[in-house]
Amino acid sequence: MAKTKELSKDVRDKIVDLHKAGMGYKTIAKQLGLSLVSVVSVTGDPILTDNVSSRALSGVSERRRGLAQEKMTENGVFSRDKVLTIDTMNPTVKKVEYAVRGPIVQRAVQIEKELREGVKKPFTEVIKANIGDAHAMGQQPITFFRQVLALCSYPELLNENMFPEDAKNRARRILQACGGSSVGAYSASQGIDCVRQDVARYIERRDMGVPCDPDNVYLTTGASDGIVTMLKLLVCGEGASRTGVMISIPQYPLYSAALAELGAVQVNYYLNEEKCWSMDLSELERSLAEARKHCNPKALCIINPGNPTGQVQSRQCIEDVIRFAAKERLFLMADEVYQDNVYAEGCQFHSFKKVLFELGPEYSDTVELASFHSTSKCYMGECGFRGGYMEVINMDPEVQAQLSKLVSVRLCPPVPGQALMDLVVNPPQPGEPSHTTFMKERTATLSLLAEKAKLTEQILNTVPGITCNPVQGAMYSFPNISLPEKSINEAKALGQAPDMFYCMKLLEETGICLVPGSGFGQKDGTYHFRMTILPPTDKLKILLAKVKEFHQKFTQQYS
């Protein structure tokens, strides 16, 4: 290392004081008439000079420990090590996984790029059936919704004759409730008042007159925002007192990801695949008892209709769950974003709130419930607008004040999404100009989804080694796949879950993008994949035919 002249204690102390005050090394050197090397040597930082390689000075002083180290390059410019590294970042974030947009999808995007660049593949396109993104799969938007949103976004169109009067009137009502009559203005943090009132009236109609207070309605950035917000309120404690949250397995990865990020304990309860993915009270009891040995379970999450499993829970099942939550003092979270997506004969959507109140005051006055809905699913499929709501029941008033504070931090949900939510809960009424077209489009969309749900179940069940429960609702099937032992061993040798290995092979050989069941959770020794029923019917038939052919080939190859 280059030699430096001995500095007096006063000069050394001066350098330290200036450095602590945030003054740069060059400025200190210039101010005190010293060389850069002399200044840096006082602080104990590593130095690079013409005569020295990149090895660092040994013995960083105590004062500098824990701080990012600076290195001086040959031209006297200092570079600082990263403050944020994989070792110093929030460790809970590293535990977050989200299979719906995981490695399979990333590889699918790469393959699409390769196809565009002319790389030869055994297929000409990638068919993505990994995510419930209806419009990306070709589903058409509801005309009335887009008309009103267009009018709200560009009010000059209100002067044109191309839009029906009910769409114009709805746009005027929404704009009048916006600051400056613009959807570009912030709204109240809880959401636009008239939209929350419309949501409350919708809930009352849906639940056969069960009252709904608009003050208990919070508009959200999709249902996901509301779910994560509620989990933030619930999670606390350390060690054995750390909050546990019961989630169904298979589950939607939002839940496991949010719990990992928040440092909560994921408490698994398994759905009964043999009984069409129904909830089993004895399984809830087993799961809770086991969890109480190492954490404090406080909440029970239910997705109905189910994602990824496509089941619709019976009314009796919902009653059992409510009684269980009341007995065990659990906060209920009801994810009901697929409430219009019910296809199977004999199945019916029952909201948790409606059943709760029909059970009487013993339950309706005590059980704490948050329920969630969204504009992204059902017949709307408007994922990109990020509209949604949550309703809270029996929440402690002091906690609800904290909830209001928490949602105020993010200012407000997207106002166009709030406007869209208003249209979903208050669509065109009989006698209005847009009603006939609206009902025709809504019915056609849901009828087509019902047809594709049946088609998916039927074709998959013709494949030896694949068993698919009825797709009673939602937008997905979650078939069970039998995998040869040889393929399981090969997957493990590669460090992959066997169904990930299967789905990656399927993608590379056919261009079909599905999500392995391991990304959602499943019983040990069982393997699945999730696929949406959203592709257009002709593409869905191609997809299912390719899956059938691939599975037979895969089974033969590894037998």
Side-chain angles (χ1 to χ4, degrees), residues 66 82-103 189 218 220-270 283-284 286-303 307-308 325 328-335 337 368-372 388 390 392 395-396 398-411 413 497 518-522 524:
K82 300 290 186 185
V83 173
L84 182 61
T85 70
I86 197 68
D87 294 320
T88 64
M89 69 176 286
N90 184 342
T92 63
V93 174
K94 289 187 281 187
K95 298 177 183 177
V96 171
E97 295 182 1
Y98 190 64
V100 174
R101 297 196 176 193
S189 297
Y218 293 76
T220 58
T221 307
S224 301
D225 173 44
I227 291 165
V228 173
T229 298
M230 284 307 311
L231 290 174
K232 286 179 180 178
L233 289 175
L234 282 158
V235 173
C236 67
E238 295 180 357
S241 67
R242 196 158 53 126
T243 295
V245 178
M246 301 179 69
I247 64 172
S248 61
I249 299 295
Q251 53 101 25
Y252 177 50
L254 164 70
Y255 291 90
S256 57
L259 294 175
E261 184 179 354
L262 294 169
V265 178
Q266 176 179 317
V267 178
N268 297 337
Y269 67 88
Y270 290 90
E283 170 60 13
L284 289 177
R286 178 209 64 79
S287 172
L288 183 65
E290 184 65 28
R292 281 181 170 156
K293 297 175 183 178
H294 59 88
C295 69
N296 178 25
K298 287 167 59 177
L300 170 60
C301 300
I302 306 99
I303 308 173
N307 176 10
E328 303 294 349
R329 297 188 69 248
L330 295 170
F331 190 108
L332 277 177
M333 293 176 61
D335 182 339
V337 302
E368 297 155 82
L369 168 70
S371 60
F372 309 90
M390 66 176 172
V392 295
M395 179 172 277
D396 183 290
E398 291 183 340
V399 174
Q400 193 159 349
Q402 295 297 314
L403 170 59
S404 297
K405 178 185 72 176
L406 191 57
V407 300
S408 71
V409 173
R410 50 100 159 111
L411 296 176
S518 50
F520 302 89
Q522 55 198 347
D524 288 344

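One is the number of the first residue; the rest follow in order along the sequence. Since this is a predicted model, take the numbers as computed values, not measurements.
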- Query: Can you name the nearest heavy-atom pair linking S189 to V407, along with the distance?
  - Reply: CB-O, 4.0 Å
- Item | Within residues 247-257 or reaching into it, pairs that qualify as salt bridge (charged side-chain N to carboxylate O under 4.0 Å, His left out) - sequence neighbours excluded | none
- Message: Under the criterion side chain to side chain contact (heavy atoms under 4.5 Å, CB included), I'd like the reasoning laid out for T229 against T220: C-alpha separation, chi angles, the key distance, then a yes or no.
- Response: CA-CA 9 Å; T229 298; T220 58; over 6 Å; no
- Query: Picking from V265, V228, L234, L231, what satisfies side-chain contact (heavy atoms from CB on, under 4.5 Å) with L259?
  - Reply: L231
- Message: The criterion is salt bridge (charged side-chain N to carboxylate O under 4.0 Å, His left out); which residues satisfy it with R242, sequence neighbours excluded?
- Response: none
- Query: Residues two or more places apart in sequence or in another chain: which of them pass side-chain contact (heavy atoms from CB on, under 4.5 Å) with E368?
  - Reply: F331, N394
- Message: If we ignore hydrogens and angles and just use 3.5 Å, is the side chain of S287 paired with the main-chain N or O of L284 as donor and acceptor?
- Response: no
- Message: For a side-chain hydrogen bond (donor to acceptor under 3.5 Å, both in side chains) check, start with the C-alpha distance between S404 and Y218, then their side-chain angles and the critical distance, and finish with the verdict.
- Response: CA-CA 9 Å; S404 297; Y218 293 76; 3.2 Å; yes
- Note on the structure: Looking only at heavy atoms, the pair that brings A497 and S518 closest together is CB-OG, 3.5 Å
- Task: Report the distance from atom CG of D335 to atom CD1 of I227, rounding to the nearest 0.5 Å.
- Result: 4.0 Å
- Note on the structure: Taken to the nearest 0.5 Å, the spacing of R292 CZ from E328 CD works out to 4.5 Å
- M333 versus F372: any side-chain heavy-atom pair under 4.5 Å? yes
- Query: With sequence neighbours left out, what residues match R329 under salt bridge (charged side-chain N to carboxylate O under 4.0 Å, His left out)?
  - Reply: none
- Task: Look up atom CE in M230 and atom CG in L332, then write down how far apart they are to the nearest 0.5 Å.
- Result: 11.0 Å
- So OG1 of T243 and CG of L262: to nearest 0.5 Å the spacing works out to 10.0 Å
- Measure the spacing between CD1 of I249 and CD1 of I247 and express it to the nearest 0.5 Å. 4.5 Å
- Quick note, salt bridge (charged side-chain N to carboxylate O under 4.0 Å, His left out) partners involving residues 221-237, not counting sequence neighbours, are D225-R410
- Residue list, salt bridge (charged side-chain N to carboxylate O under 4.0 Å, His left out) with K293, at least two apart or on another chain: E290
- Item | Residue pair L330 / P297: nearest heavy atoms and the distance that separates them | CD2-O, 3.6 Å
- Task: Check whether any side-chain heavy atom of Y252 lies under 4.5 Å from a side-chain heavy atom of P308, and answer yes or no.
- Result: no
- Query: When you look at Q251 and N268, which way does the side chain to side chain contact (heavy atoms under 4.5 Å, CB included) test go after all the steps?
  - Reply: CA-CA 9 Å; Q251 53 101 25; N268 297 337; over 6 Å; no
